[in-house]
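Predicted, not measured: the structure shown is a model, and the values here were computed from it. In what follows, every heavy atom counts, from backbone to side chain, and hydrogens, waters and symmetry copies are set aside.
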Amino acid sequence: MDLNPPPGENYANPRICFFHVLFKAGALAFYILSALFSDSFVIIFVVTVLLAALDFWVVKNVSGRILVGLRWWNEIDDNGESVWKFECLDQESLARMNKKDSWLFWWTLYLTAVVWIFFGIFSLIRFQADYLLVVGVCLTLSIANIVGFTKCRKDAKKQIQQFASQTIASRFSSTLQSAFSVV
(Lines give C-alpha, C1' and ligand atoms only; values in the text may rest on other atoms or scores of the structure.)
Protein backbone atom coordinates (compact mmCIF):
# COMPACT_ATOMS: atom_id res chain seq x y z
CA MET A 1 0.00 0.00 0.00
CA ASP A 2 1.40 3.37 -1.03
CA LEU A 3 1.93 5.85 1.81
CA ASN A 4 1.30 8.95 -0.27
CA PRO A 5 -1.83 9.73 -2.26
CA PRO A 6 -1.29 9.83 -6.03
CA PRO A 7 -0.31 13.35 -7.10
CA GLY A 8 -2.50 15.35 -9.43
CA GLU A 9 -5.39 12.92 -9.36
CA ASN A 10 -8.80 13.97 -8.05
CA TYR A 11 -11.24 11.84 -6.16
CA ALA A 12 -13.58 10.04 -8.56
CA ASN A 13 -16.28 9.70 -5.88
CA PRO A 14 -15.98 12.70 -3.55
CA ARG A 15 -19.40 12.20 -1.92
CA ILE A 16 -18.70 8.56 -1.12
CA CYS A 17 -15.26 9.54 0.22
CA PHE A 18 -16.89 12.24 2.35
CA PHE A 19 -19.39 9.82 3.92
CA HIS A 20 -16.71 7.15 4.29
CA VAL A 21 -14.73 9.57 6.47
CA LEU A 22 -17.76 11.27 8.07
CA PHE A 23 -19.06 8.25 9.99
CA LYS A 24 -15.58 7.30 11.20
CA ALA A 25 -14.88 10.85 12.31
CA GLY A 26 -18.36 11.16 13.78
CA ALA A 27 -17.96 8.15 16.05
CA LEU A 28 -14.48 9.22 17.14
CA ALA A 29 -15.46 12.87 17.64
CA PHE A 30 -18.60 12.03 19.60
CA TYR A 31 -16.62 9.66 21.84
CA ILE A 32 -14.01 12.34 22.55
CA LEU A 33 -16.33 15.32 22.93
CA SER A 34 -19.18 13.59 24.76
CA ALA A 35 -17.07 13.06 27.85
CA LEU A 36 -16.66 16.84 28.04
CA PHE A 37 -20.37 17.64 27.73
CA SER A 38 -22.27 14.67 29.15
CA ASP A 39 -22.13 12.61 32.31
CA SER A 40 -24.47 9.93 30.98
CA PHE A 41 -22.49 6.85 30.03
CA VAL A 42 -25.59 5.28 28.47
CA ILE A 43 -25.97 8.13 25.97
CA ILE A 44 -22.26 8.08 25.18
CA PHE A 45 -22.35 4.30 24.67
CA VAL A 46 -25.50 4.23 22.53
CA VAL A 47 -24.64 7.14 20.25
CA THR A 48 -20.98 6.16 19.78
CA VAL A 49 -21.83 2.53 19.02
CA LEU A 50 -24.66 3.62 16.71
CA LEU A 51 -22.26 5.88 14.77
CA ALA A 52 -19.66 3.08 14.63
CA ALA A 53 -22.34 0.64 13.40
CA LEU A 54 -23.38 3.12 10.69
CA ASP A 55 -19.71 3.41 9.71
CA PHE A 56 -19.42 -0.39 9.59
CA TRP A 57 -22.47 -0.66 7.34
CA VAL A 58 -21.44 2.19 5.03
CA VAL A 59 -17.91 0.81 4.61
CA LYS A 60 -19.04 -2.79 4.13
CA ASN A 61 -21.93 -2.13 1.75
CA VAL A 62 -21.28 1.19 0.02
CA SER A 63 -17.79 2.67 0.12
CA GLY A 64 -16.05 -0.69 -0.17
CA ARG A 65 -17.93 -1.45 -3.36
CA ILE A 66 -17.52 1.96 -4.92
CA LEU A 67 -14.05 3.03 -3.76
CA VAL A 68 -12.15 -0.27 -4.06
CA GLY A 69 -14.56 -2.57 -5.91
CA LEU A 70 -14.75 -5.12 -3.10
CA ARG A 71 -17.56 -6.55 -0.98
CA TRP A 72 -17.59 -9.25 1.66
CA TRP A 73 -20.01 -11.01 3.94
CA ASN A 74 -20.03 -14.00 6.22
CA GLU A 75 -22.67 -16.72 6.26
CA ILE A 76 -23.32 -19.73 8.42
CA ASP A 77 -23.86 -22.83 6.29
CA ASP A 78 -26.14 -25.81 7.06
CA ASN A 79 -23.39 -27.47 9.12
CA GLY A 80 -23.01 -24.41 11.34
CA GLU A 81 -19.67 -23.48 9.75
CA SER A 82 -18.72 -19.88 9.08
CA VAL A 83 -18.25 -19.26 5.35
CA TRP A 84 -16.66 -16.09 3.97
CA LYS A 85 -18.11 -14.79 0.71
CA PHE A 86 -16.31 -12.26 -1.48
CA GLU A 87 -17.29 -10.14 -4.46
CA CYS A 88 -14.86 -8.30 -6.64
CA LEU A 89 -15.09 -6.29 -9.82
CA ASP A 90 -13.55 -7.82 -12.92
CA GLN A 91 -9.89 -7.19 -13.71
CA GLU A 92 -10.59 -4.36 -16.17
CA SER A 93 -12.82 -2.50 -13.72
CA LEU A 94 -10.33 -2.94 -10.88
CA ALA A 95 -7.57 -1.51 -13.06
CA ARG A 96 -9.71 1.61 -13.65
CA MET A 97 -10.39 2.22 -9.94
CA ASN A 98 -9.32 5.67 -8.76
CA LYS A 99 -6.07 5.38 -6.82
CA LYS A 100 -6.84 8.35 -4.59
CA ASP A 101 -10.22 6.86 -3.61
CA SER A 102 -8.51 3.55 -2.87
CA TRP A 103 -5.77 5.25 -0.87
CA LEU A 104 -8.35 7.10 1.26
CA PHE A 105 -10.37 3.92 1.80
CA TRP A 106 -7.48 1.79 3.04
CA TRP A 107 -5.77 4.45 5.15
CA THR A 108 -8.93 5.51 6.97
CA LEU A 109 -9.86 1.86 7.51
CA TYR A 110 -6.56 1.11 9.29
CA LEU A 111 -6.12 4.50 10.94
CA THR A 112 -9.53 4.32 12.62
CA ALA A 113 -8.63 0.98 14.23
CA VAL A 114 -5.33 2.43 15.46
CA VAL A 115 -7.15 5.38 17.06
CA TRP A 116 -9.64 3.03 18.77
CA ILE A 117 -6.69 0.97 20.10
CA PHE A 118 -5.16 4.18 21.45
CA PHE A 119 -8.46 5.02 23.20
CA GLY A 120 -8.59 1.47 24.57
CA ILE A 121 -5.12 1.80 26.08
CA PHE A 122 -6.07 5.19 27.50
CA SER A 123 -9.21 3.67 29.09
CA LEU A 124 -7.12 0.86 30.59
CA ILE A 125 -4.62 3.30 32.06
CA ARG A 126 -7.44 5.35 33.60
CA PHE A 127 -9.20 2.17 34.87
CA GLN A 128 -12.42 3.02 33.00
CA ALA A 129 -13.89 -0.38 32.23
CA ASP A 130 -17.17 1.09 31.00
CA TYR A 131 -15.44 3.22 28.36
CA LEU A 132 -13.29 0.24 27.47
CA LEU A 133 -16.54 -1.52 26.56
CA VAL A 134 -17.45 1.29 24.13
CA VAL A 135 -13.99 1.15 22.59
CA GLY A 136 -14.15 -2.64 22.40
CA VAL A 137 -17.38 -2.61 20.41
CA CYS A 138 -16.13 0.11 18.05
CA LEU A 139 -12.77 -1.61 17.62
CA THR A 140 -14.48 -4.91 16.89
CA LEU A 141 -16.53 -3.31 14.11
CA SER A 142 -13.41 -1.68 12.65
CA ILE A 143 -11.39 -4.89 12.78
CA ALA A 144 -14.24 -6.86 11.21
CA ASN A 145 -14.10 -4.56 8.18
CA ILE A 146 -10.30 -4.74 8.06
CA VAL A 147 -10.34 -8.54 8.14
CA GLY A 148 -13.20 -8.78 5.65
CA PHE A 149 -11.71 -6.39 3.11
CA THR A 150 -8.18 -7.75 3.51
CA LYS A 151 -9.41 -11.29 2.87
CA CYS A 152 -11.51 -10.00 -0.02
CA ARG A 153 -8.51 -8.21 -1.56
CA LYS A 154 -6.38 -11.35 -1.26
CA ASP A 155 -9.17 -13.43 -2.80
CA ALA A 156 -9.49 -10.91 -5.63
CA LYS A 157 -5.74 -11.07 -6.32
CA LYS A 158 -5.92 -14.85 -6.32
CA GLN A 159 -8.87 -14.78 -8.75
CA ILE A 160 -7.02 -12.38 -11.06
CA GLN A 161 -3.94 -14.62 -11.00
CA GLN A 162 -6.05 -17.71 -11.73
CA PHE A 163 -7.82 -15.91 -14.57
CA ALA A 164 -4.50 -14.77 -16.03
CA SER A 165 -2.97 -18.24 -15.83
CA GLN A 166 -6.11 -19.83 -17.35
CA THR A 167 -6.10 -17.26 -20.15
CA ILE A 168 -2.41 -17.89 -20.87
CA ALA A 169 -2.92 -21.67 -20.75
CA SER A 170 -5.94 -21.53 -23.08
CA ARG A 171 -4.12 -19.27 -25.54
CA PHE A 172 -1.08 -21.55 -25.43
CA SER A 173 -3.20 -24.65 -26.09
CA SER A 174 -5.12 -22.92 -28.89
CA THR A 175 -1.82 -21.83 -30.44
CA LEU A 176 -0.55 -25.42 -30.23
CA GLN A 177 -3.77 -26.75 -31.74
CA SER A 178 -3.64 -24.26 -34.61
CA ALA A 179 0.04 -25.04 -35.20
CA PHE A 180 -0.63 -28.77 -35.43
CA SER A 181 -3.81 -28.35 -37.47
CA VAL A 182 -1.81 -26.63 -40.20
CA VAL A 183 0.52 -29.62 -40.51
Legend entry - Ile146 vs Tyr110, side-chain contact (heavy atoms from CB on, under 4.5 Å): CA-CA, chis, key distance, verdict: CA-CA 7 Å; Ile146 289 172; Tyr110 288 108; 3.4 Å; yes
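In this structure, CG on Asn74 lies 3.5 Å from OG on Ser82, to the nearest 0.5 angstrom. The structure places SG of Cys138 at 11.5 Å from CD1 of Ile143, a figure rounded to the nearest 0.5 Å. Rounding to the nearest 0.5 Å places OG1 of Thr108 at 13.5 Å from CZ of Phe23. Taking CG of Leu22 as the reference point, atom SG of Cys17 lies at 12.5 Å (rounded to 0.5 Å).
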Distance-only check: which donor-acceptor pairs under 3.5 Å involve side-chain atoms of residues 46-61, not counting sequence neighbours?
residue	atom	partner	partner atom	Å
Thr48	OG1	Ile44	O	2.7
Asp55	OD1	Lys24	NZ	3.1
Asp55	OD2	Lys24	NZ	3.3
Lys60	NZ	Trp72	O	3.2
Asn61	ND2	Trp57	O	3.3

Donor-acceptor pairs under 3.5 Å, side chain of residues 117-136 to any protein atom, not counting sequence neighbours: which ones?
residue	atom	partner	partner atom	Å
Ser123	OG	Tyr31	OH	3.4
Ser123	OG	Phe119	O	3.1

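Closest of all the heavy-atom pairs between Gly64 and Phe105 is CA-CE1, 3.6 Å. In this structure, Ile16 and Ile66 approach most closely via the heavy-atom pair CD1-CD1, 3.8 Å. Of all heavy-atom pairs spanning Leu70 and Phe149, the tightest one is O-CE2, 3.4 Å.
Annotation: Asp39, atom CG; neighbour count of heavy atoms from other residues, nucleotides and ligands within 6.0 Å does not exceed 12. Residue Phe45 places its CZ atom among more than 12 non-hydrogen atoms of other residues, nucleotides or ligands, all under 6.0 Å distant.
Residues Trp106 and Phe18 share a hydrophobic cluster, clusters being chains of Ile/Leu/Val/Met/Phe/Trp/Tyr side chains in contact below 4.5 Å.
Between the side chain of Asp77 and the backbone N or O of Asn79 there is at least one donor-acceptor pair closer than 3.5 Å.
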